Amino acid sequence: MTDTAVLTNPLREGMRIRKTPAPCAMVIFGASGDLTARKLIPALYYLHCERLLPPGFSVIGCAKTPYSNEKFREAMADAVKKFSEKATVDEPSLTSFIQSLYYLTDDFGDVKAYTQLDELLNKLDSERGTNGNRLFYLATPPSSFPVIVSHLGAVGLAQPKEPGKSWTRVVIEKPFGHDLESARELTATVGSVFKEEQVYRIDHYLGKETVQNLLVFRFANGIFEPIWNRRYIDHVEITVAEELGVEGRGRYYEEAGLLRDMVQNHVMSVLSLVAMESPATFDAVEVRDEKAKVMRAIRPIDFDHLDDFVVRGQYADGWVKGQKVPGYCEEANVASNSSTETFAALKLSIDNWRWADVPFYLRSGKRLAKRVSEIVVQFRRVPHMVFGSKTENLVEPNVLAMRIQPNEGIAINFNAKFPAPTMEIRPVKMEFRYAESFGGEPPSAYETLLLDCMLGDQTLFTREDAVELAWQLLSPLLDRWREDGAKGLQYYESGSWGPAASDALLERDKRRWHRL
Amino acid sequence: MPVGKKFKSLTAGELQPATIADLEKELSDLWRSAAEDPAAEHPVMRASVLTLLVYVENEHAGRETLKLISQVISQNPCRAIIMIAEETEQPEGLTSWISAQCHLPASGARQVCCEQICVQARGAAVKGLDNVVIPLAVPELPVFLWWGAGRFAPPAYLDHILRITNRVLVDSARFEEPESDLATLARHVERFRGAEEVAFSDLNWARLTPCRELIAQCFDFTEANSYLGNLAEVKLAWAEEAAGGDRWAQALLLTAWLATRLGWQPVSRIVQGARRTQTLEFQKDGKPVRVEYAARKATGGQPGPLSVVMKTTGAPAAQFSIIESKEEGTAHTRAEVPGCPPRERTVRLHVLDQVGLVNEELKFPRRDKIYEETLSLLARMLKA
């Protein structure tokens, strides 16, 4: 369910005027941190430039770092210039934008600070017309989430100022918990203060145009959905690969690991979009219901035959883009005997009528051969080769590849006769790329998601049941790996496609990872 | 652009007699030579999301359009067919030339190439334009007709082409007589609204979109929203270029849009001297609403966006303004509502150039009902 402009405004009628949210104040906890400077403020600046933010929109940055309003505005103006992913930053718009920024220095572990915040919010309501609408963004380390949420509740800031007329929402950054137990605790803490319709669990991956296009591709085209099932599909591969290592985030990574950092959220979200049934409408409740059904249908990992389903890896030193790079255990703030995984490959099954016996192979890792996120759907081979046994090995199964990044697009491989007097068959590729067909620059994931959040559209945000279901699947695996320590950990050379065991995972099923 | 010899000659564009068979063969050769080019550093890809027909009435305009098309295809890959209809020129006949435009969307990517077909008709041969053009439209993709001939008054020989067209793009800023030409356009829009599925876009209307957005946003906050029904006075000022770029049509469109959305009924017009210094009077629920226009000279020959000041009745009154800032490409908005501090901000208000506007319009294959209603009211408004 989305807000319109809240008030009746006949000037807003018509397709050509874009929807802008009702005036509101956004409170960023962790405003002196990296996420605020790199992503949030540049995204808000571009929304401002594109006239997608309402007049009076205001940001209150909150953190312990002692800043004045002016100092914070200066720092954020610098951040826009430094981290802007788009070509132009113009001074008049930037000057106007930073005037909407305010800062509160305080210890947000102390409930008294929230009274001060409440006063500033009320002041902005009367001075800038933010109408009592509040968006709280938790850009802090996860350990601070419970205390901030509890204090917001304690001073009454979690409830809409004027029920029915104004709204209050909270945005929570991943990771949503550390394991099943902590996720449930966080859900309980958040749930004791906010209703689920106020909670926006942000996974920036879902804000990417190509991830959203997955639904359009599947449900706005008549030709794919009839064959999107076990009868025609042999298997599905989802790869989210990075060239980068931990890049100075060794301390965080030691606690998180790849499974928590990538698989529990990004990869599982993509899996559910690939496998879900058609929702009746593109509505937050319906889309998220269907995603949750997929998560519920995933078969629990078989711990008696773990090696047949899961590979855990860690990068050793190697070469990436012509540069020698260190192994994970040589990175700063990483234990020299760390058993934290930087690579994981999983074979999952979805126990429902659509997907029975269709394996879903997932892999994600750091320091892999290249940065690429792609979904590969391999169709079954033709049941009978009419062109004779000589051509049999030349006929490749059809493959549909959906590239999420980079070079976003969709490609289909099919077989064609090679021009020759004899029957020669070769696979050919039909390809669509966003940049080539549509040109222009798509909005960044944060622009999309921040705007959705202000408009009250939860479709691209993760619901509590999806979070819990993902943890239910993965938490036992994390427990097992913790018990095992380095036992079973596979090392792989940086710049490769992961450990050999990852290839073996598919080879056992007479399959192989598609070359990306 | 690294292309082979044959491809190069084709991209140069050589005049050929226009028959469908010849054109199709040329198109086929064009792509084959591109694919076989051993010297190409980047593989060539053909992309198309629509067919863009362009109608112009002389060769010079056709050549000028070709230059613009190359910028359009980077945003909207398409097959472009430029129709040059010179009804009064001789010798009579249909000729054509084909060329390709390629660009690299990103470093290391493939070249994206699009076809451009020019069909030039002279004398009575203009009646054969549809026979050549219609079969060349890419099947199953939307067809846009960019009207490059000023006032929209399609001759009868374009009837069949209009029937395969999904959307017509006109630019009322190029109308020589904005008032009568807009009224003519309104009649055509009405004519095609029924059985034919032809939608209309006006680039001049698209130029107004940022301004309309800012006006709408003025009334999004609670205290201001209640004043929307009480607007009593609107002043529109704009900068006029030394030559062309008439904004009078734009001012009329903006007025008609406000009138349709806010339920104003046109009453009368008061002309005070110069054509663009006049007042239109409306009524809403028996109360008068005045719209005043004032054109001023553009500084540096560059047109600026419309400046809009809106006031309400009553005391104290509310006032809303969208004023172009000195800094090029920005607008300053200010809302003064009784009991509230003034609310101000500066945002970007880039006025897109013609190619930018065409690119934006090509992304909308649907009808713009608000535009249609606006144009219809505008026709009534001008009769008042």
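Computed from a predicted structure; not experimentally measured. Labels below follow one simple rule: chain letters A, B, ... track the order of the sequence lines, proteins then strands, and each chain is numbered from 1.
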(message) What I'd like to find out is whether the side chain of A:Arg12 reaches to under 4.5 Å of the side chain of B:Asp220, using heavy atoms alone.
(response) yes
(message) Restricting to ring pair (Phe, Tyr, Trp, His ring centres under 6.0 Å), what partner residues turn up for B:Phe320, sequence neighbours left out?
(response) B:Phe219
(message) Taking salt bridge (charged side-chain N to carboxylate O under 4.0 Å, His left out) as the definition, give me every residue that meets it alongside B:Glu372, ordered by chain and number, with sequence neighbours left out.
(response) B:Arg193, B:Arg367
(message) In the structure I gave you, are the side-chain heavy atoms of A:Ser96 and B:Val347 within less than 4.5 Å of one another anywhere?
(response) no
(request) Write down the atom of B:Pro341, the atom of A:Ser126, and the distance for their closest heavy-atom approach. (result) CD-O, 3.4 Å
(message) Within a 6.0 Å radius of atom NZ on A:Lys123, are there more than 12 heavy atoms belonging to other residues, nucleotides or ligands?
(response) no
(request) Please look at B:Arg345 and chain A and tell me whether the side chain, the backbone, both or neither of the residue comes under 4.5 angstrom of a heavy atom of that chain. (result) both
(message) Please classify the contact of A:Pro55 with chain B as side chain, backbone, both or neither, using a heavy-atom distance under 4.5 Å.
(response) both
(message) Is A:Tyr45 close to chain B through its backbone or its side chain, or both, or neither, when contacts mean heavy atoms under 4.5 Å?
(response) side chain
(message) Given heavy-atom pairs under 4.5 angstrom as the criterion, report whether the side chain, backbone, both or neither of B:Ile215 touches chain A.
(response) both
(message) Checking side-chain contact (heavy atoms from CB on, under 4.5 Å) between A:Leu11 and each of B:Gln217, B:Glu213, B:Arg261, which is the one that passes?
(response) B:Arg261
(request) Starting at CD of A:Glu13, measure out to NZ of B:Lys369 and round the result to the nearest 0.5 Å. (result) 12.5 Å
(request) Look up atom OG1 in B:Thr330 and atom CD in A:Glu91, then write down how far apart they are to the nearest 0.5 Å. (result) 12.0 Å
(request) Kindly indicate whether the side chain of B:Thr346, heavy atoms from C-beta on, has any atom under 4.5 Å from the side chain of A:Thr95. (result) no
(message) Measuring only between side-chain heavy atoms, which start at C-beta, is A:Asn131 closer than 4.5 Å to B:Glu223?
(response) yes
